Amino acid sequence: MRSSNLLILVAAVGSAVACDSCYGPSSEVVHERLVPRIQPESQDSTVNPKAPLEWGQLNFLHTTDTHGWLEGHLKEQNYGADWGDFVSFQRHMKQKAGNLAVDLLVVDTGDLHDGAGLSDAVLPNGVLSNPIFDEIDYDVLTIGNHELYVSEIAYEHFYNFSKVWGEKYVTSNVQILNPATGAFDYIGAKYRYFSTAHGLRIMTFGVLFDFTGNSNVSKVIKAADMVKQQWFLDAVNYDQPIDLFLLVGHNPVDRSDYANTLGLVHSTIRALRPDTPVQAFGGHSHIRDFKVYDDKSTALESGRYCETLGWLSISGIKSSSYTGLMQPRGVANPSRPATNTSTSGLVYSRRYLDWNRRTFEYHATNSQASTFDYHSGLRVSGDITDVRKKLNLTSLYGCAPATYCQACKPFGAEGNIFSLIPIALGATVINASRSDIARYIIVNSGSIRFDLVKGPFTYDDSFIVSPFNDAFQYIPNVPYEMAHKVLAGLNGAVLPDKRGEGLVYGSMPQVKDSCVDPTISLITGTGSELKTRGIHRRQTVASTPGYVTTDDFGTDGDDTPHTKIPSYTQPNYIQGNASFPADGSNPDVVDVVFFDYFASVVVNVLNGFGGAYSMADVAYYVDKSYTAQNYLPDYAKLEWQANVPNCPVGEGVGYDE
Ligand SMILES: *[C@@H]1O[C@H](CO)[C@@H](O)[C@H](O)[C@H]1NC(C)=O
Ligand SMILES: *[C@@H]1O[C@H](CO)[C@@H](O)[C@H](O)[C@H]1NC(C)=O
Ligand SMILES: *[C@@H]1O[C@H](CO)[C@@H](O)[C@H](O)[C@H]1NC(C)=O
Ligand SMILES: *[C@@H]1O[C@H](CO)[C@@H](O)[C@H](O)[C@H]1NC(C)=O
Ligand SMILES: *[C@@H]1O[C@H](CO)[C@@H](O)[C@H](O)[C@H]1NC(C)=O
Ligand SMILES: *[C@@H]1O[C@H](CO)[C@@H](O)[C@H](O)[C@H]1NC(C)=O
Ligand SMILES: [Zn+2]
Ligand SMILES: [Zn+2]
């Protein structure tokens, strides 16, 4: 019997397996570069996860808020894996689940585009990246708000995406106008009732938070209304047995988050079914989080942008039809009740995996890269490379000499992107006929979506860092006395709420207030193990910068322990300038340049200083096709030509180099 042999093998090597790889060939680093995997430019992590995963009766891999990052993070070693690596990893894990005689479900909770060139450099966004995304053997998926802003994208999901996934795409509260019938149809399935490979019977709902920014072709039914609908009540009181409710939601898992509605759905189910476990998976707030709802219910949220792969395992689910094992042998098992007073018999584990090859190899095979790749995974990596070429994403503008982050440095510090942006604006936003008139150029910090990371700055990065299509407008010849106060006035004013999530959840590791836990600077266990690997020159004992998570189970959720990357508050608006008098004197008048997006706010601010301006005084400063996405590429072409094309890449955000 093949599977029992494998069980014995797993049992025999146990925790020693992890150390086998500590004594890999000394040429391993060099060798890895030659293996066709990840994207050609990517680097791998240099540190192993802290320990093997705990496998239970029912296990989950969870992705959320991938936002088009299927190529992985080309310039950050913590997150260097691509979607093809994930394809291989997921296949290994499903096979391992089979060998261990347990269940593994793979789930996604939405937001598939608006984040990187692979999805965003083509219309409708996602039309080339979604087929790549579809290569994962997901069991359940649900829709994100970013699928609904633009009608064409919503229809891409209705006609293409939902047809690929059928009943696995669960959108319990999202409908779309079906042009064929004139009626509103659910984009996916209302619910999914299914049995796992080992006979667990699961009822699934997919619940988007109460999103209101959708285009008018879709309808988001508020959770408070959905939980009263008869179909929902009938599904909760289903006429067949339910061993577990699975809630997938583009929906923060923290019940105190203003957008959370999973809590209400959980409470409604709990009131009707006091004894049935409920397992939730959430997203949208772009953080790592895990919440305990009650002694039979927990909720996991797995970050964003292909930085995190979520892992959750449960044992103790009562089921008359389950044919697998409760405590698979030869692996660690979940051991923690959801609450101290739990009598449910359910135990849990959760882990946040860094999205890199080393992590995937470690958990999949406990061995070197050579045994990791499946053909399907390599093919998907190849497809990603091809689409990137086809879309010109690799087209190089310049070589960024350093990393400029959104929040990891205080405002005004070197390495803060808002120290770079004013200089770039001053150097690039120029109207030739007014180029010698002093000007302020003001942008909102929300127009920056991601850190600008050391290394090649490409067409792809123009989508990653500053993708929005805001054009530059201006008011000419504003008296200096008023003009020089505009920035401060804006920073005291309220930002018009146009982009929703993009503004609220902007910065790198969004660290929650509750995350003020002590920094893990030296991970003794991992460190002493890694010291035996002297052959790896870049191997370090100290942990690397990255996510440091505190959740309802404490501080041990991060699969690779990190030192925390600080997060500083930044102002809402920042300002560049040009053509001020060289002698340091003040000009009489200044052109005040700003994004069209907040033109009316600038007018109001000026009038608050005694001006008498109206929108009639506002004109385009440069051609309106020149947008927020253009000035950084132009700056790179001007100033970042050193080391082109052989541009050195850094280690990633948070690494001081
Ligand atoms: C569906 O996908 C095809 C190609 O894969 C694309 O040409 C088409 O525009 C998509 N449909 C919609 C409605 O976006
Ligand atoms: C949606 O808005 C567009 C543009 O305002 C309008 O033409 C269309 O009829 C609206 N559709 C629906 C279903 O309300
Ligand atoms: C649960 O037990 C742990 C460990 O004994 C303790 O630290 C924690 O405060 C307890 N939590 C509650 C809610 O009682
Ligand atoms: C990519 O760049 C090439 C050469 O500059 C150009 O001919 C082609 O039209 C570009 N393709 C796209 C999709 O931008
Ligand atoms: C212009 O910008 C530079 C660089 O940000 C800054 O040092 C300088 O003080 C600014 N000058 C004025 C007049 O605002
Ligand atoms: C530059 O400013 C002049 C004068 O306001 C204006 O006529 C012209 O259209 C501007 N140039 C561009 C490219 O918008
Ligand atoms: Zn998102
Ligand atoms: Zn979202």
Side-chain angles (χ1 to χ4, degrees), residues 62-69 108-116 118-135 141-165 169 171 173-185 187-188 206-220 248-254 257-262 281-287 289 301-308 383 386-387 390-391 446 449-450 497-506 510:
H62 176 217
T63 56
T64 191
D65 294 274
T66 50
H67 286 283
W69 283 83
D108 180 79
T109 46
D111 272 8
L112 305 188
H113 10 77
D114 297 338
L118 199 74
S119 55
D120 303 350
V122 60
L123 294 174
N125 289 176
V127 77
L128 297 182
S129 55
N130 283 356
I132 294 169
F133 180 92
D134 291 342
E135 295 287 336
L141 312 90
T142 194
I143 197 164
N145 57 307
H146 279 259
E147 277 78 276
L148 298 172
Y149 285 102
V150 176
S151 300
E152 289 72 17
I153 293 175
Y155 278 122
E156 212 278 324
H157 281 260
F158 182 52
Y159 287 119
N160 287 343
F161 193 76
S162 80
K163 296 301 173 286
V164 170
W165 292 104
Y169 195 40
T171 64
N173 67 333
V174 183
Q175 300 178 323
I176 192 164
L177 181 70
N178 184 341
T181 63
F184 277 89
D185 289 348
I187 292 187
V207 187
L208 177 63
F209 72 98
D210 291 348
F211 176 54
T212 56
N214 50 322
S215 79
N216 65 358
V217 299
S218 62
K219 259 190 202 167
V220 179
V248 289
H250 192 75
N251 208 309
V253 298
D254 182 351
D257 189 300
Y258 75 97
N260 168 285
T261 62
L262 284 174
F281 292 89
H284 180 64
S285 51
H286 290 186
I287 59 173
D289 202 4
E301 183 171 339
S302 303
R304 60 163 199 183
Y305 296 167
C306 294
E307 292 169 344
T308 302
D383 289 349
D386 292 346
V387 172
K390 178 173 165 187
L391 296 177
R449 183 157 68 187
F450 195 72
D497 181 22
K498 180 173 138 189
R499 290 196 194 100
E501 167 175 283
L503 293 172
V504 178
Y505 302 114
Q510 270 283 342

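One is the number of the first residue; the rest follow in order along the sequence. When a ligand or atom number is given, it counts from 1 through the structure's own listing order. Keep in mind that this is a model prediction, so the values were computed, not measured.
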(message) At under 4.0 Å between heavy atoms, is it the side chain or the backbone of V217 that contacts ligand 2, or both, or neither?
(response) neither
(message) Quick one about T109 and H62 (side-chain donor to acceptor, distance below 3.5 Å, no hydrogens or angles considered), yes or no?
(response) yes
(request) Using heavy atoms and a cut-off under 4.0 Å, could you grab the residues that are in contact with ligand 1, chain by chain, numbers ascending? (result) P124, V127, Y155, E156, Y159, N160
(message) Quick check on the Zn ion (ligand 8): does H250 put an N/O/S atom closer than 2.8 Å to it?
(response) yes
(message) Under a 3.5 Å cutoff, is there a donor and acceptor pairing between the side chains of T261 and D210?
(response) no
(message) Tell me whether N251 contacts the main-chain N or O of L262 through its side chain, where contact means a donor paired with an acceptor under 3.5 Å.
(response) yes
(message) Nearest 0.5 Å, please: how far is CG in L141 from OG in S162?
(response) 11.0 Å
(message) Using a 4.0 Å cut-off to any heavy atom of L177, which atoms of ligand 2 qualify?
(response) 13 (C)
(request) Apply the test side chain to side chain contact (heavy atoms under 4.5 Å, CB included) to residues D134 and F161: give CA-CA distance (whole Å), side-chain angles for both, the deciding distance (0.1 Å), then the verdict. (result) CA-CA 8 Å; D134 291 342; F161 193 76; 3.2 Å; yes
(request) Quick one: report the N, O or S atom of D111 that is nearest to the Zn ion (ligand 8). (result) OD2
(request) Go through the steps for H284 and H250 under the test side chain to side chain donor-acceptor pair (under 3.5 Å), then give the verdict. (result) CA-CA 6 Å; H284 180 64; H250 192 75; 3.2 Å; yes
(request) Go through ligand 2 atom by atom and flag the ones less than 4.0 Å from a non-hydrogen atom of N216. (result) 1 (C), 2 (O), 3 (C), 8 (C), 10 (C), 11 (N), 12 (C), 13 (C), 14 (O)
(request) Give a yes or no answer on whether the side chain of E301 reaches the backbone of V253 with a donor-acceptor pair at less than 3.5 Å. (result) yes
(message) Within rounding of 10°, what is the angle whose vertex is the Zn ion (ligand 8) and whose arms end at OD1 of N145 and ND1 of H284?
(response) 100°
(request) Please find out if the Zn ion (ligand 8) and some N, O or S atom of H286 are separated by less than 2.8 Å. (result) no
(request) Report the C-alpha separation of D108 and F133 in whole Å, then their side-chain angles, then the decisive distance to 0.1 Å, and conclude whether the side chain to side chain contact (heavy atoms under 4.5 Å, CB included) test is met. (result) CA-CA 10 Å; D108 180 79; F133 180 92; 3.5 Å; yes
(message) Among H113, R449, H286, which residue satisfies the side-chain hydrogen bond (donor to acceptor under 3.5 Å, both in side chains) criterion with H67?
(response) H286
(message) Below 2.8 Å, can you find an N, O or S atom of D65 next to the Zn ion (ligand 8)?
(response) no
(message) Under a 3.5 Å distance rule, please check whether E147 uses its side chain to pair with a backbone N or O of D111 as donor and acceptor.
(response) yes
